[in-house]
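Reading through the structure tokens given below for one structure.
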Amino acid sequence: MNITEKILARASGKTRVVPDDIVFANVDKAMIHDVSGPGVIKVFDKLKKEGIQVDKLWDPSKIWVAEDHFVPSAEKISAENIVKLSKFTKQYGIEKHFKYGMGQYGICHTLSHEEALVLPGEVYVGGDSHTNTSGALGTFACGLGHTDVAYVLLYGKIWFKVPETLYFKLNGKLPQNVMAKDYILKIIGDIGTDGAAYAAMQFGGTGISEMSVESRLTLTNMTTEAGAKNGIIEPDQKVFDYLAQRGAKNYSPIHGDRDAEFAKIYEYEASDLEPLVAKPYSPENIAPVRDVSGVDLDKSYIGSCTGAKYEDLEAAARILKSRKVKIRTEVVPAAISIYKKAMENGLISIFLDAGVTVGPPTCGACCGAHMGVLAKDEVCISTTNRNFPGRMGHIESKTYLASPLVAAASAITGKITDPRDL
Amino acid sequence: MGKVIKYAKDNIDTDVILPGQYLKLHDYEDIAKHAMEGIDPEFHSKVKKGDFIVAGKNFGCGSSREHAPIALSHCGISAVLAISFARIFYRNSVDGAFLLPIEIDEQTYQKISNGDDLEVDTKKNEIKNLTKNETYKMKPFSEIVSKIIAAGGLFRYKPD
Ligand code: SF4
């Protein structure tokens, strides 16, 4: 069995599973945020009316809560959702509630690794489609809707169809100026936004061993854009060290068998990769940066669970250092811990000196909610993961998805720019 | 029976079905008012109870928002007929008992037109086009999905 199959087998008390088996897996961790949380509360209200017991959760210590999509609250409804969430966590005794304005908080998928909330070998579900992100730690991590998450919060288990696995092998180290983002964009361009529908995407090869944990998280994050059920990477010493630095111990990682089977194997040479963008209006609409260089921009956005980890900010800072931006540019660190590290290491000063606005951690602009949404016809280069119509604001605004290096280089020139040409 | 509202497109995503700015809404009727706003601002006023959406591949891709099937079902949509669905949209539709996600083949997708009257029979796995007097096959639901649908959603379903 491969790693996804082995995790699901262990979690459902089976010695063997094969793709298409239906399992009821025990869940190790579950997450809700300020959109899915109130959604789950709504489901609980409905269940109560139907006479289903909702007064006790399966295990409050395994559930954690993020405030990210609509913080800081821009209007009343968002503010009320935060109040709802606080009442909920208090009522059910959930202690891991990362609150805006109270120390560490940030985007849910970023907290999952920054705080080592999710560990290798576990089954983790979250009320958000990019829950896949945590698969970079060797976890089966999968996004679910409100009803499914409500079910998990009450019973600690959920049904899954065991996915078939597509294996992506990367040979060699990424060239300079090419980031994990370019690799995952390349893959999505090749297989399409439904290329991994219902399947697992597993990444391996020497290119992955060479990659930092944070880079790997960019890959698993965007497996969602290829329609995958989960993205996963076999955990190695880098992952164990990363988690140990964050105080995690006592977990039992799982590795795939040597004779593991995959539905399909794709192979890439790292040396062939180059900076790419996804053009509007789909993450599969891929072009080399140099093919679209010169496109005029209104904004550069360096934020989100995909593109505002510490390493992403560091990459942007390398470009922005001692330069000035020509267009409106926002850097939004994905969590307070990242913000603080960026401050301590001088990155925030580099951003401010370049003329960039640095915002508090939030999903805000990434999902077109608040804090810098796009107007009609505005064009943005962004380190986020989606560029469907209206994703970052007006339905006729345009978003190009790119790596932090490309977003920063483009901020300097005001046009889409390959960092190699700066 | 219901009428078809056809969007002859692939990848109709959740940002189109229910734009991100409305995610803060949790009242089902409020959510429904903004259904399909990203592609068809008239949708809410023209849809009637029992109507069907017909679309191409990968319907409902994008975010995990249950708002998407909620918005459609609370406008009256009883089923979405598409060549394929994104997995979270599919699960949400079934587990929350909001609407039926019905997979059809490319040919059937081509044959059904906007405004056609349809009848869906999930026991026979058939779709009747009353306007054109044609009958099509739908892809049968998997065993677990049909059990959950029959039970009326995940919470009413008792695993064996
Ligand atoms: S940053 Fe964007 S993609 Fe990530 S969780 Fe928030 S809204 Fe979703």
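Sequence lines set the chain letters: A, B, ... in the order given, protein chains first and strands last, and positions in each chain run from 1.
Within the 4.5 Å cutoff, side-chain heavy atoms of B:R87 are placed close to those of A:C142. At least one side-chain heavy atom of A:I158 sits under 4.5 Å from a side-chain heavy atom of B:R91. Using a 4.5 Å heavy-atom cutoff, the side chains of A:L144 and B:I88 are not in contact. A:T147 places a side-chain heavy atom less than 4.5 Å from the side chain of B:F155. Here the side chains of B:Q21 and A:F70 are not in contact, with every heavy-atom distance at 4.5 Å or above. Under the 4.5 Å side-chain criterion, counting only non-hydrogen atoms from C-beta, B:S63 is in contact with A:R386.
Residue contact with chain B, scored on non-hydrogen atoms closer than 4.5 Å, involves the backbone of A:A228 exclusively. A:E75 touches chain B through its side chain: at least one heavy atom from C-beta onward sits under 4.5 Å away, while N, CA, C and O do not. Neither the backbone nor the side chain of A:C363 has a heavy atom closer than 4.5 Å to any heavy atom of chain B. In this structure, chain B has no heavy atom under 4.5 Å from any part of A:K161. With a 4.5 angstrom heavy-atom cutoff, B:D95 touches chain A via backbone and side-chain atoms both. For a residue to count as touching a neighbouring chain, one of its non-hydrogen atoms must lie under 4.5 Å from one of that chain's; by this rule A:F160 touches chain B with backbone and side chain alike. Contact annotation for A:L47: only side-chain heavy atoms (C-beta onward) come within less than 4.5 Å of a heavy atom of chain B. B:Y22 does not touch chain A: none of its heavy atoms, backbone or side chain, sits under 4.5 Å away. The contact between A:D194 and chain B is made by backbone and side chain atoms together, counting heavy-atom distances below 4.5 Å. B:L154 touches chain A through backbone and side chain together, each having a heavy atom under 4.5 Å away. Proximity to chain B (any heavy atom under 4.5 Å) is shown, for A:S36, by neither the backbone nor the side chain. Using a 4.5 Å cut-off between heavy atoms, B:V145 touches chain A through its side chain atoms alone. The contact between B:F98 and chain A is made entirely by side chain atoms (from C-beta outward), counting heavy-atom distances below 4.5 Å.
For the options A:Y155, A:F24, A:W159, heavy-atom pairs under 4.5 Å to chain B are most numerous at A:W159.
Contacts of B:H67 classified as side-chain hydrogen bond (donor to acceptor under 3.5 Å, both in side chains), with partners at least two apart in sequence or in another chain: none.
Sparse packing is recorded around NZ of B:K139, with 12 or fewer heavy atoms of other residues, nucleotides or ligands lying under 6.0 Å away. Residue B:Q110 qualifies as enclosed at atom CD: its count of foreign heavy atoms under 6.0 Å is above 12. In B:K46, the NZ atom is crowded: over 12 heavy atoms of neighbouring residues, nucleotides or ligands sit closer than 6.0 Å.
Using the six-membered ring where Trp is involved, B:Y90 and A:Y198 have ring planes that are perpendicular, over 60° apart on the 30 and 60° scheme.
Applying the salt bridge (Lys or Arg N to Asp or Glu O under 4.0 Å) definition to pairs two or more places apart or across chains, those involving residues 63-73 of chain B are B:D15-B:R65.
No hydrogens or angles considered: nothing links the side chains of A:D128 and B:S64 as a donor-acceptor pair under 3.5 Å.
At a threshold of 4.0 Å, the pair B:K24-A:E80 does not count as salt-bridged, since none of the basic side-chain nitrogens sits closer than that to a carboxylate oxygen.
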